[in-house]
Amino acid sequence: MSQPPFQPPQQPPQPPQQPPNAYNPYNQPTPPQQPPGFGPASHAPGQPPMPAGPPPAPGQPPMQPMYPAPPFQGMPYGHQPNASGHPVGAVFLALFVSLIISMLYSGLILLTYKDMTVTVANTMYLGHALINGAVVGALIGAVGHRSHGAWIWGAVIAALGAFFGYTNAFPLVIADAQSPAAIGDMMEADPFIPAKAWWNDETGGGVDWFSPLGLVLAAVAAWGLAYLIGNRRRQR
(Lines give C-alpha, C1' and ligand atoms only; values in the text may rest on other atoms or scores of the structure.)
Protein backbone atom coordinates (compact mmCIF):
# COMPACT_ATOMS: atom_id res chain seq x y z
CA MET A 1 0.00 0.00 0.00
CA SER A 2 1.54 3.22 -1.16
CA GLN A 3 1.74 6.29 1.13
CA PRO A 4 1.47 9.96 0.05
CA PRO A 5 4.69 11.91 -0.20
CA PHE A 6 5.81 13.72 2.93
CA GLN A 7 4.81 17.38 3.05
CA PRO A 8 6.19 19.72 5.68
CA PRO A 9 3.63 21.46 7.84
CA GLN A 10 2.64 24.95 6.70
CA GLN A 11 3.68 27.80 8.97
CA PRO A 12 1.16 30.53 9.77
CA PRO A 13 1.83 33.95 8.08
CA GLN A 14 3.77 36.42 10.20
CA PRO A 15 3.19 40.18 10.26
CA PRO A 16 5.83 42.37 8.60
CA GLN A 17 8.72 43.08 10.81
CA GLN A 18 9.56 46.65 11.87
CA PRO A 19 12.87 48.14 12.88
CA PRO A 20 13.62 47.60 16.50
CA ASN A 21 13.60 51.36 17.22
CA ALA A 22 10.21 52.07 15.57
CA TYR A 23 7.48 53.26 17.88
CA ASN A 24 4.15 51.61 16.99
CA PRO A 25 1.96 51.30 20.06
CA TYR A 26 -1.22 50.36 18.12
CA ASN A 27 0.49 47.74 15.96
CA GLN A 28 -0.33 49.57 12.71
CA PRO A 29 0.99 48.15 9.43
CA THR A 30 4.22 49.60 8.14
CA PRO A 31 3.87 51.79 5.02
CA PRO A 32 5.44 50.33 1.90
CA GLN A 33 9.05 51.21 1.36
CA GLN A 34 9.90 53.08 -1.84
CA PRO A 35 12.64 51.39 -3.81
CA PRO A 36 15.82 53.40 -4.06
CA GLY A 37 16.52 55.42 -7.18
CA PHE A 38 12.98 56.65 -7.82
CA GLY A 39 11.10 59.79 -6.71
CA PRO A 40 12.39 62.81 -4.84
CA ALA A 41 15.20 62.35 -2.40
CA SER A 42 14.39 62.39 1.26
CA HIS A 43 15.57 65.31 3.33
CA ALA A 44 16.64 65.56 6.90
CA PRO A 45 14.23 66.96 9.47
CA GLY A 46 14.49 70.78 9.74
CA GLN A 47 16.12 71.17 6.29
CA PRO A 48 14.34 72.53 3.17
CA PRO A 49 13.41 69.88 0.61
CA MET A 50 15.73 69.51 -2.33
CA PRO A 51 14.21 69.92 -5.80
CA ALA A 52 13.71 66.83 -7.84
CA GLY A 53 15.73 66.56 -10.98
CA PRO A 54 18.93 65.22 -12.45
CA PRO A 55 22.09 65.63 -10.39
CA PRO A 56 24.29 68.64 -11.21
CA ALA A 57 27.03 68.24 -13.74
CA PRO A 58 30.59 67.93 -12.48
CA GLY A 59 32.07 71.35 -11.70
CA GLN A 60 28.70 73.11 -11.21
CA PRO A 61 27.23 74.10 -7.84
CA PRO A 62 24.20 72.17 -6.64
CA MET A 63 20.78 73.58 -7.31
CA GLN A 64 19.36 75.75 -4.53
CA PRO A 65 15.78 75.28 -3.36
CA MET A 66 13.22 77.80 -4.61
CA TYR A 67 11.65 79.93 -1.91
CA PRO A 68 8.40 81.86 -2.39
CA ALA A 69 8.82 85.61 -2.98
CA PRO A 70 7.75 87.91 -0.13
CA PRO A 71 4.37 89.58 -0.58
CA PHE A 72 4.35 93.03 -2.20
CA GLN A 73 4.12 95.82 0.33
CA GLY A 74 2.68 99.03 -1.08
CA MET A 75 3.54 102.52 0.08
CA PRO A 76 1.74 103.48 3.29
CA TYR A 77 -1.26 105.72 2.86
CA GLY A 78 -0.39 109.39 3.10
CA HIS A 79 3.27 109.01 2.08
CA GLN A 80 3.71 110.01 -1.51
CA PRO A 81 7.01 110.40 -3.37
CA ASN A 82 8.41 113.90 -3.20
CA ALA A 83 7.91 115.87 -6.34
CA SER A 84 10.72 117.91 -7.76
CA GLY A 85 8.50 120.90 -8.53
CA HIS A 86 8.43 123.05 -11.66
CA PRO A 87 11.35 125.51 -11.53
CA VAL A 88 10.76 127.00 -14.99
CA GLY A 89 7.07 127.54 -14.34
CA ALA A 90 7.87 129.05 -10.95
CA VAL A 91 10.26 131.57 -12.49
CA PHE A 92 7.79 132.71 -15.17
CA LEU A 93 4.95 132.93 -12.65
CA ALA A 94 7.10 134.97 -10.26
CA LEU A 95 8.17 137.27 -13.10
CA PHE A 96 4.57 137.92 -14.09
CA VAL A 97 3.40 138.60 -10.55
CA SER A 98 6.42 140.84 -9.82
CA LEU A 99 5.58 142.87 -12.92
CA ILE A 100 2.01 143.35 -11.71
CA ILE A 101 3.16 144.48 -8.26
CA SER A 102 5.66 146.91 -9.80
CA MET A 103 2.98 148.44 -12.00
CA LEU A 104 0.71 148.91 -8.99
CA TYR A 105 3.54 150.62 -7.12
CA SER A 106 4.23 152.91 -10.08
CA GLY A 107 0.55 153.84 -10.22
CA LEU A 108 0.56 154.56 -6.48
CA ILE A 109 3.50 156.93 -6.93
CA LEU A 110 1.66 158.67 -9.76
CA LEU A 111 -1.38 159.24 -7.55
CA THR A 112 0.49 160.49 -4.47
CA TYR A 113 3.69 162.17 -5.70
CA LYS A 114 2.33 165.75 -5.33
CA ASP A 115 1.82 165.47 -1.57
CA MET A 116 4.55 162.92 -0.83
CA THR A 117 7.49 163.72 1.44
CA VAL A 118 10.93 162.15 1.21
CA THR A 119 10.30 160.03 4.30
CA VAL A 120 7.03 158.73 2.92
CA ALA A 121 8.65 158.06 -0.43
CA ASN A 122 11.46 156.03 1.15
CA THR A 123 9.01 154.11 3.32
CA MET A 124 6.82 153.25 0.35
CA TYR A 125 9.86 152.19 -1.66
CA LEU A 126 11.18 149.84 1.03
CA GLY A 127 7.70 148.48 1.70
CA HIS A 128 7.23 147.77 -1.98
CA ALA A 129 10.60 145.99 -2.10
CA LEU A 130 9.64 143.75 0.83
CA ILE A 131 6.20 142.95 -0.59
CA ASN A 132 7.60 142.19 -4.02
CA GLY A 133 10.29 139.95 -2.56
CA ALA A 134 7.89 138.14 -0.24
CA VAL A 135 5.35 137.36 -2.97
CA VAL A 136 8.04 136.24 -5.41
CA GLY A 137 9.72 134.05 -2.79
CA ALA A 138 6.44 132.43 -1.78
CA LEU A 139 5.64 131.55 -5.40
CA ILE A 140 9.14 130.22 -6.06
CA GLY A 141 9.07 128.02 -2.97
CA ALA A 142 5.54 126.73 -3.55
CA VAL A 143 6.00 125.90 -7.23
CA GLY A 144 9.75 125.39 -7.64
CA HIS A 145 10.28 123.55 -4.32
CA ARG A 146 14.01 123.00 -3.62
CA SER A 147 15.36 124.19 -6.95
CA HIS A 148 18.38 126.38 -6.19
CA GLY A 149 18.26 127.86 -9.67
CA ALA A 150 14.68 128.98 -9.12
CA TRP A 151 15.69 130.53 -5.78
CA ILE A 152 18.43 132.55 -7.45
CA TRP A 153 16.14 133.73 -10.22
CA GLY A 154 13.52 134.65 -7.62
CA ALA A 155 15.98 136.92 -5.81
CA VAL A 156 16.97 138.55 -9.10
CA ILE A 157 13.35 139.05 -10.17
CA ALA A 158 12.41 140.61 -6.83
CA ALA A 159 15.34 143.06 -6.99
CA LEU A 160 14.47 144.02 -10.57
CA GLY A 161 10.84 144.50 -9.58
CA ALA A 162 11.85 146.93 -6.84
CA PHE A 163 14.07 148.84 -9.27
CA PHE A 164 11.68 149.08 -12.20
CA GLY A 165 8.75 149.87 -9.94
CA TYR A 166 10.44 153.18 -9.14
CA THR A 167 12.01 153.97 -12.51
CA ASN A 168 8.82 153.23 -14.44
CA ALA A 169 6.96 155.74 -12.30
CA PHE A 170 9.37 158.54 -13.27
CA PRO A 171 8.11 158.92 -16.90
CA LEU A 172 4.52 158.80 -15.65
CA VAL A 173 5.19 161.65 -13.26
CA ILE A 174 6.82 163.71 -16.05
CA ALA A 175 3.88 163.08 -18.38
CA ASP A 176 1.41 164.12 -15.68
CA ALA A 177 3.38 167.21 -14.58
CA GLN A 178 4.23 168.43 -18.08
CA SER A 179 2.89 166.52 -21.10
CA PRO A 180 3.24 163.08 -22.70
CA ALA A 181 5.56 164.65 -25.28
CA ALA A 182 8.04 165.36 -22.49
CA ILE A 183 8.72 161.62 -22.26
CA GLY A 184 10.07 161.65 -25.81
CA ASP A 185 12.24 164.67 -25.06
CA MET A 186 13.63 162.93 -21.99
CA MET A 187 14.47 159.79 -23.97
CA GLU A 188 16.26 161.86 -26.59
CA ALA A 189 18.22 163.87 -24.04
CA ASP A 190 19.19 161.08 -21.63
CA PRO A 191 17.31 157.76 -21.45
CA PHE A 192 18.98 156.96 -18.10
CA ILE A 193 17.39 159.87 -16.23
CA PRO A 194 14.99 157.55 -14.28
CA ALA A 195 17.92 155.36 -13.16
CA LYS A 196 19.93 158.42 -12.13
CA ALA A 197 16.98 159.76 -10.17
CA TRP A 198 16.70 156.39 -8.42
CA TRP A 199 20.41 156.38 -7.49
CA ASN A 200 21.01 160.02 -6.54
CA ASP A 201 19.84 161.76 -3.41
CA GLU A 202 17.61 164.69 -4.44
CA THR A 203 17.90 166.55 -1.14
CA GLY A 204 21.48 166.21 0.09
CA GLY A 205 23.20 165.04 -3.09
CA GLY A 206 25.37 161.98 -3.45
CA VAL A 207 24.07 158.43 -3.31
CA ASP A 208 20.64 157.65 -1.95
CA TRP A 209 21.45 154.53 0.10
CA PHE A 210 17.78 153.65 0.43
CA SER A 211 17.81 152.68 -3.23
CA PRO A 212 20.34 149.76 -3.01
CA LEU A 213 18.91 148.85 0.39
CA GLY A 214 15.57 148.18 -1.27
CA LEU A 215 17.20 145.81 -3.74
CA VAL A 216 18.88 143.90 -0.92
CA LEU A 217 15.64 143.64 1.05
CA ALA A 218 13.74 142.36 -1.96
CA ALA A 219 16.39 139.74 -2.80
CA VAL A 220 16.73 138.53 0.80
CA ALA A 221 12.97 138.29 1.27
CA ALA A 222 12.57 136.31 -1.95
CA TRP A 223 15.43 133.92 -1.15
CA GLY A 224 14.40 133.40 2.48
CA LEU A 225 10.75 132.61 1.77
CA ALA A 226 11.64 130.39 -1.18
CA TYR A 227 14.03 128.44 1.06
CA LEU A 228 11.53 128.02 3.90
CA ILE A 229 8.50 127.15 1.79
CA GLY A 230 10.47 124.95 -0.61
CA ASN A 231 11.96 122.82 2.16
CA ARG A 232 8.65 122.53 3.97
CA ARG A 233 6.82 121.29 0.88
CA ARG A 234 9.62 118.81 0.17
CA GLN A 235 9.28 117.20 3.58
CA ARG A 236 5.53 116.57 3.24
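The analysis underlying the following values was restricted to heavy atoms, covering all of them including side chains, and did not include hydrogens, waters or symmetry mates. Throughout, residue positions are numbered sequentially from 1 according to the sequence presented.
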Step-by-step side chain to side chain contact (heavy atoms under 4.5 Å, CB included) determination, L110 to D176: CA-CA 8 Å; L110 177 62; D176 182 71; 3.8 Å; yes

From CA spacing to verdict: side chain to side chain contact (heavy atoms under 4.5 Å, CB included), T123, T119: CA-CA 6 Å; T123 304; T119 304; 4.3 Å; yes

Stepwise side chain to side chain contact (heavy atoms under 4.5 Å, CB included) check, V207 with D201: CA-CA 5 Å; V207 178; D201 188 359; over 6 Å; no

Pair I152-W223, side chain to side chain contact (heavy atoms under 4.5 Å, CB included): steps then yes or no: CA-CA 7 Å; I152 295 173; W223 178 276; 3.7 Å; yes

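Minimum heavy-atom separation, P171 to M186: CG-CE, 4.2 Å. Counting all heavy atoms, side chain and backbone alike, I229 lies closest to A138 at CD1-CA, 3.6 Å. Across all their heavy atoms, A129 and G214 have their closest contact at CB-O, 3.2 Å. The shortest heavy-atom contact between A94 and I140 is CB-CD1, 3.9 Å. Residues H128 and G165 come closest through the heavy atom pair CE1-CA, 4.2 Å. Shortest non-hydrogen contact noted between A182 and I174 is CB-CG2, 3.6 Å.
The CG atom of L217 sits 12.0 Å away from atom CD1 of I131, with the distance rounded to the nearest 0.5 Å. Rounded to the nearest 0.5 Å, atoms CG (L213) and CG (D208) are 10.0 Å apart. How far CZ of F163 is from OG of S102: 11.0 Å, rounded to the nearest 0.5 Å. Once rounded to the nearest 0.5 Å, the distance linking OG1 of T167 with CD1 of I193 reads 13.0 Å. The NE2 atom of H86 sits 7.5 Å away from atom NE2 of H145, with the distance rounded to the nearest 0.5 Å. For the atom pair L215 CG and F210 CZ, the distance stands at 13.5 Å (nearest 0.5 Å).
In this structure, D185 and Q178 have side chains that are not in contact, with every pair of non-hydrogen atoms separated by 4.5 Å or more.
L225 and Y227 end up in different hydrophobic clusters when Ile, Leu, Val, Met, Phe, Trp and Tyr side chains are linked at under 4.5 Å. Follow the hydrophobic side-chain contacts under 4.5 Å out from W198 and you reach V156 in the same cluster. Placement of W199 and L126 within a single hydrophobic cluster is found when ILVMFWY residues are connected by side-chain heavy-atom separations under 4.5 Å, directly or transitively. Note on L104: it clusters hydrophobically with V97, by side-chain heavy-atom contacts below 4.5 Å among ILVMFWY residues. One hydrophobic cluster, built from ILVMFWY side chains closer than 4.5 Å, cannot hold both L160 and V220; they sit in different ones.
Under a 3.5 Å cut-off, the side chain of Y125 and the backbone N or O of S211 do form a donor-acceptor pair.
Counting non-hydrogen atoms of neighbouring residues, nucleotides and ligands closer than 6.0 angstrom, the CH2 atom of W153 reaches no more than 12 such neighbours. Annotation for D115: atom CG does not count as buried by contact number, only 12 or fewer foreign heavy atoms lying within 6.0 Å. Within a 6.0 Å radius of OH in Y113, other residues, nucleotides and ligands contribute more than 12 heavy atoms. Taking a 6.0 Å sphere around CE of M103, one finds it holds 12 or fewer heavy atoms contributed by other residues, nucleotides or ligands.
No side-chain donor-acceptor contact under 3.5 Å links N168 and Y105. S98 and N132 form a side-chain donor-acceptor contact under 3.5 Å, judged by distance and modelled atom types alone.
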